[in-house]
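Worth knowing before you read on, the calculation uses all heavy atoms, side chains too, and leaves out hydrogens, waters and symmetry mates.
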Number of protein chains: 2
Amino acid sequence: MTARSSSETARDIPEATVARLPVYLRALTTLAEGGTRTCSSEDLAAAAGVNSAKLRKDLSYLGSYGTRGVGYDVDYLRYQIAREIGVTQDWPVVIVGIGNLGHALANYSGFRSRGFRVVALLDADPARHDEVVAGVDVRPFDDLEQIVGDQSVAIGVIATPAIAAQDVADRMVACGITSILNFAPAVIAVPDGVDVRKVDLSIELQILAYHEQRKAQSA
Amino acid sequence: MTARSSSETARDIPEATVARLPVYLRALTTLAEGGTRTCSSEDLAAAAGVNSAKLRKDLSYLGSYGTRGVGYDVDYLRYQIAREIGVTQDWPVVIVGIGNLGHALANYSGFRSRGFRVVALLDADPARHDEVVAGVDVRPFDDLEQIVGDQSVAIGVIATPAIAAQDVADRMVACGITSILNFAPAVIAVPDGVDVRKVDLSIELQILAYHEQRKAQSA
DNA sequence: AGGAGTTTGTGAACGCGAGAACAAAACGAG
DNA sequence: CTCGTTTTGTTCTCGCGTTCACAAACTCCT
Ligand SMILES: NC(=O)c1ccc[n+]([C@@H]2O[C@H](COP(=O)([O-])OP(=O)(O)OC[C@H]3O[C@@H](n4cnc5c(N)ncnc54)[C@H](O)[C@@H]3O)[C@@H](O)[C@H]2O)c1
Ligand SMILES: NC(=O)c1ccc[n+]([C@@H]2O[C@H](COP(=O)([O-])OP(=O)(O)OC[C@H]3O[C@@H](n4cnc5c(N)ncnc54)[C@H](O)[C@@H]3O)[C@@H](O)[C@H]2O)c1
């Protein structure tokens, strides 16, 4: 707690836990907004929709931030998780492909409120270039290198058609982006050291359809 | 292959496999569009971005649809996966909350092309009710029960603010929807037998931020 | 027909994550 | 100060998913 020594937060947290920390963070924010100062693992687990044993184990990877017999201080734990995830700092983000989805993303307020700042909206179509979305103007895709270099952007969002996704990813990687969130329904290849996460809602719907079909079948 | 007996496709497929089947389906479609008639597990695995052993094991849960020494017939396998997932049939879908994101979803062509048909767009705000999006007109949220009942809708999409998500989900469940895709950043509770999948992009970004922070730390 | 080469389908080993269960620690009452 | 209560942090076990490795099966060529 005293010094930010190199090994203090360097424990490797299981990937499954990392994926849940943002959920806990949001649950804690909701609790804090409701005026709750302290909560037990049972309370927080219920708010986050998980098992309380799992929650405690997850939190134990960060350190011992609770008090036995009492619970967790909401604000303190919230800060600790935020610091561990890295959302106490500001992350510049570029969005490429300002079509239907790109517009929605650019207008999404949930970005900024969680430490992500949209520094540029890029599109290959010149017809888009006069537009201003959520206070940021749409610029040519070829400005990518300059913007990423000037502002040290590490995170890029792809919202182009699938056919363009690999090209966009290549350009992003080439100019230094090391984390990509891909909305295009395409598998993109990147070198080691670059993280890609994909959001594919037709896959989500198909998973639901599978289970739905099975429900109908067994009924 | 002859009769669709009750137990033929009733084997329970592991959840992790179910989540990958749509990826294989898309990879197969891409291969088919490129003129490929036959492919090996190695080819398909590369196109889907997975390990070939994993691919073969996944496919083995569906049955033996390949030929040793040859590979898989692209069209045949594509049909088998589509049938297993349930996308050979038509799934009516309602979308609730036609704001930024709801508009993008309504305009998304990837729905229909995969067997999902948007039968209604619902919003609580009367100011939205005159609008027509992608050929479907926005109707009052209170029409939910009637539409779901008339058209046997099993799948609902929530794109409202987080605060309204639980209420919308409750109403959906009450009128017979058993699968929900939730875009609102909120944990929603549903009874047993109802499937919920959530898509939360601020969580995705936070996961990327965590890894990004660690890269910066160790460098 | 037979053998060489290919590729599938699966058995087995391994590692990770989930959950139950409990000991250690804090707090309050008396 | 001591005891009982509450709740955390951790250990242990179990099951699932991933991956390796190989036998079975198919094709093609001679
Ligand atoms: N709309 C949705 O709700 C939705 C949902 C899920 C997935 N998606 C996927 O997200 C992507 C975008 O969807 P959309 O509906 O916004 O499509 P869209 O066609 O409306 O927008 C795509 C935008 O990308 C731009 N673009 C094309 N090639 C580019 C390139 N090489 N570099 C930069 N910009 C380029 C186009 O000019 C266009 O503005 C698609 O891959 C789609 O499959 C969309
Ligand atoms: N815009 C994005 O890119 C984005 C990204 C990720 C998540 N989200 C989430 O998706 C949800 C929608 O985002 P948005 O940007 O479209 O918001 P929005 O405010 O533009 O749209 C919300 C819509 O829901 C309607 N609504 C509100 N309460 C309702 C109710 N009880 N019943 C029916 N309709 C109701 C509103 O009238 C409005 O039209 C939010 O929860 C947001 O956090 C949005």
Side-chain angles (χ1 to χ4, degrees), chain A residues 1 8-9 11-24 27-28 31 36-78 80-81 84 203 207 210-211, chain B residues 1 8-9 11-24 27-28 31 36-78 80-81 84 187 207 210-211:
Chain A
M1 196 207 280
E8 185 186 354
T9 57
R11 280 163 291 204
D12 54 328
I13 297 178
E15 195 55 36
T17 296
V18 171
R20 281 187 295 267
L21 290 179
V23 180
Y24 303 153
L28 284 167
L31 287 175
T36 307
R37 316 284 301 177
T38 299
C39 69
S40 69
S41 64
E42 205 69 51
D43 298 337
L44 184 52
V50 301
N51 184 289
S52 70
K54 181 153 53 178
L55 170 79
R56 287 198 300 276
K57 179 176 275 200
D58 284 341
L59 294 184
S60 76
Y61 290 114
L62 313 189
S64 289
Y65 296 132
T67 307
R68 297 175 189 221
V70 177
Y72 301 93
D73 181 282
V74 172
D75 280 333
Y76 181 59
L77 182 58
R78 189 153 64 120
Q80 293 299 339
I81 294 178
E84 189 72 37
I203 286 184
I207 294 171
Y210 170 79
H211 292 296
Chain B
M1 196 209 281
E8 187 186 352
T9 57
R11 282 163 290 204
D12 52 328
I13 297 178
E15 195 55 36
T17 297
V18 171
R20 281 187 295 267
L21 290 179
V23 179
Y24 303 153
L28 285 166
L31 287 175
T36 307
R37 318 283 302 175
T38 299
C39 69
S40 68
S41 64
E42 205 70 51
D43 297 337
L44 184 52
V50 301
N51 183 292
S52 70
K54 178 151 55 176
L55 170 79
R56 287 198 301 277
K57 176 152 280 201
D58 283 342
L59 294 184
S60 76
Y61 290 112
L62 313 189
S64 288
Y65 296 132
T67 308
R68 297 176 191 223
V70 177
Y72 300 93
D73 181 284
V74 172
D75 280 334
Y76 181 58
L77 182 58
R78 190 154 63 120
Q80 292 300 339
I81 295 178
E84 189 71 37
V187 176
I207 294 170
Y210 170 79
H211 292 295

Q. Given side chains that start at C-beta, do those of B:D43 and B:T36 come closer than 4.5 Å, heavy atoms only?
A. no
**Q.** B:V187 to A:A47 - nearest heavy-atom pair and separation
**A.** CG2-O, 3.6 Å
Q) Do A:L28 and A:Y72 have side chains that get closer than 4.5 Å, going by heavy atoms? A) no
**Q.** Length of the line joining A:R20:CZ and C:dG17:P, which is rounded to integer Å
**A.** 9 Å
Q) Which value, rounded to the nearest 0.5 Å, describes the distance between A:E84 atom CD and A:L59 atom CG? A) 11.0 Å
Q.
Rounded to whole Å, please give me the gap between CZ in B:R56 and P in C:dT6.
A. 15 Å
Q. Taking the nucleotide of DNA chain C with the closest heavy atom to each, which residue, B:S41 or A:K57, is nearer the 5' end?
A. B:S41
**Q.** Minimum heavy-atom distance B:A19-A:I203, with the two atoms named
**A.** O-CG2, 4.0 Å
(Q) At less than 4.0 Å, is any side-chain N or O atom of A:N51 found next to OP1 or OP2 of C:dG17? Yes or no. (A) no
Q | Spacing of B:D58 atom CG relative to C:dT8 atom P, expressed in whole Å | A | 14 Å
Q) With a non-hydrogen cut-off below 4.0 angstrom, is A:E15 in contact with a base, only sugar-phosphate, or nothing? A) sugar-phosphate
Q: Would you mind reading off the distance between B:Q80 atom CD and C:dG9 atom C1', rounded to a whole angstrom?
A: 16 Å
Q. In Å and rounded to the nearest 0.5 Å, what is the CG to OG1 distance from A:L62 to A:T17?
A. 8.5 Å
Q. What is the distance, rounded to the nearest whole Å, between atom CD of B:E42 and atom C1' of C:dT8?
A. 12 Å
Q: Find the distance between CG (A:L55) and CG (A:L44) and round it off to the nearest 0.5 Å.
A: 5.0 Å
Q | Bounds of contact between DNA chain D and chain A, in 5' to 3' order, using a heavy-atom cut-off under 4.0 Å | A | D:dT6 to D:dC12
Q | Separation of atom CG in A:L55 from atom P in C:dG17, rounded to whole Å | A | 16 Å
**Q.** Interatomic distance where CG belongs to B:L77 and P belongs to C:dT8 [whole Å]
**A.** 11 Å
**Q.** Distance-only donor-acceptor test, B:R68 side-chain atoms vs C:dT7 base atoms, 3.5 Å
**A.** no
